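Ligands are counted one by one from 1 in listed order, and the atoms in each one are counted from 1 as well. Just so it is clear, the values below take in all heavy atoms, side chains as well, and ignore hydrogens, waters and symmetry mates. Keep in mind it's a predicted model, so treat the numbers as computed, not measured.
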Amino acid sequence: MKTYKNPLNMKIFNKVEEILTWPVEPRSPMNQLPITESFYTALEEAFKVEVRDRVYDIQLSRSHETIEDLVHEIDGQYTRNYFTSESGTYKGLIDVEDYQGQKIESIDHKWQLRGKNLIERIKKMQNERPELSILDLGCGYNGYKEHLKNVTGVDPYIDKADFVCRIQDFEPPQKYDVIICLGPMNWYTYDEQYRNMRKLKECLAEDGICFWSHVHNYFKIFQEDAGRAHRWIAGSLEDAFKNNAFYFYDRIWQYNQYFNWTEEALESLCQLVGLQTGEMQYDDCGLYRPPMWRLFCELRQLKD
Ligand SMILES: C[S@@+](CC[C@H](N)C(=O)[O-])C[C@H]1O[C@@H](n2cnc3c(N)ncnc32)[C@H](O)[C@@H]1O
């Protein structure tokens, strides 16, 4: 099973250093450190995650050259566990069940640029241009493909995708008239988002449109001490947890390194790669407590 060498996850690096109890650098050679078997078992314990009654564990090789190699191996397994667990990727689109198997209305339909509303909008476009091509970046279980014609899904962790790879590794066989990009860019660094945005631009047809949306309070909720974050409208996380607000299971996945999407971040990245942002909208999703906000925007190729 492929694990990706993502940017160095600093939350994992910090935890590794804490368990080692000595200050190190990413490039510190492992054979010059006091590494014991109990160090590895402590790491495997620390990065094991239990969601309800399921355990997502990691198994480390003992052959890393540097601390950086070790951190990458932990991150690769931990991230895959996160995305393939019920916390990381939403399975349903139209027909959704809660964790007890009860049918519930998908939260996706609350927004204009997701779920049923997005499907209706693209269907209208397809009625006018039947050959319209659609690319779903970070497609998860490839739900839009079940409701729209001509959809190609890209996702590195879910094998329902047509291309099982990261956005930045995708080699587009063509340009796409419509790109759906709902949620795959929420992790790691600014330069990681730069690579993602570059690829998004490369995939977008000259007159194409990208429906883009990312959660923007993740950063504030899960990294409360972080700068450059929006103010969080306080509420009870405990209440949210009890109310099956599934995003809050992310609180158990404390070593994901989130990226904070703000208007500033989106504007500056689009400018860097040559994309034009439309109006930015937030939608307070009343189903979560405290409110979980998403940033929505339509992106197009920048014209001179
Ligand atoms: C929050 S889920 C959203 C899934 C789907 N787009 C939706 O709206 O329901 C994020 C998805 O992005 C995928 N993902 C994570 N990192 C990615 C990357 N670098 N490139 C492409 N997809 C990625 C995950 O596997 C996951 O399926």
Check: Is the backbone of P130 close enough, under 3.5 Å, to the side chain of K149 for a donor and an acceptor to pair up by distance?
Finding: no
Check: Any idea how F259 and W261 line up, ring-wise: parallel (<30°), tilted (30 to 60°), or perpendicular (>60°)?
Finding: perpendicular
Check: Taking heavy atoms and a distance under 4.0 Å, where does R114 meet ligand 1: side chain, backbone, both or neither?
Finding: side chain
Next item on the list: Counting heavy atoms only, name the option from P184, S213, G143 that's nearest to atom 17 (C) of ligand 1.
Entry: P184
Item checked: Under the salt bridge (charged side-chain N to carboxylate O under 4.0 Å, His left out) test, residues paired with K199 that sit two or more places apart -> E202
Checklist line | Proximity winner for atom 4 (C) of ligand 1, if only heavy atoms of G138, G183, G115 are counted | finding: G138
Next item on the list: Please find out if less than 6.0 Å separates the ring center of Y157 from that of Y82.
Entry: no
Checklist line | Short N or O distance, I167 and ligand 1, threshold 3.5 Å exclusive | finding: yes
Notebook entry, point to check: Should you measure from each heavy atom of G140, which atoms of ligand 1 turn up under 4.0 Å away?
Noted result: 27 (O)
Which atom pairs, one a donor and one an acceptor, fall under 3.5 Å between side chains of residues 158-165 and the rest of the protein, sequence neighbours left out?
residue, atom, partner, partner atom, Å
D162, OD1, K145, NZ, 3.0
D162, OD2, N142, ND2, 3.2
D162, OD2, K145, NZ, 3.2
D162, OD2, G153, N, 2.7

Check: Taking the side chain as C-beta and beyond, is there a heavy-atom pair between I67 and L33 under 4.5 Å?
Finding: yes
Next item on the list: Indicate yes or no: does an N/O atom of D155 lie under 3.5 Å from an N/O atom of ligand 1?
Entry: yes
Item checked: Test of proximity, L137 against ligand 1: N or O pairs below 3.5 Å -> no
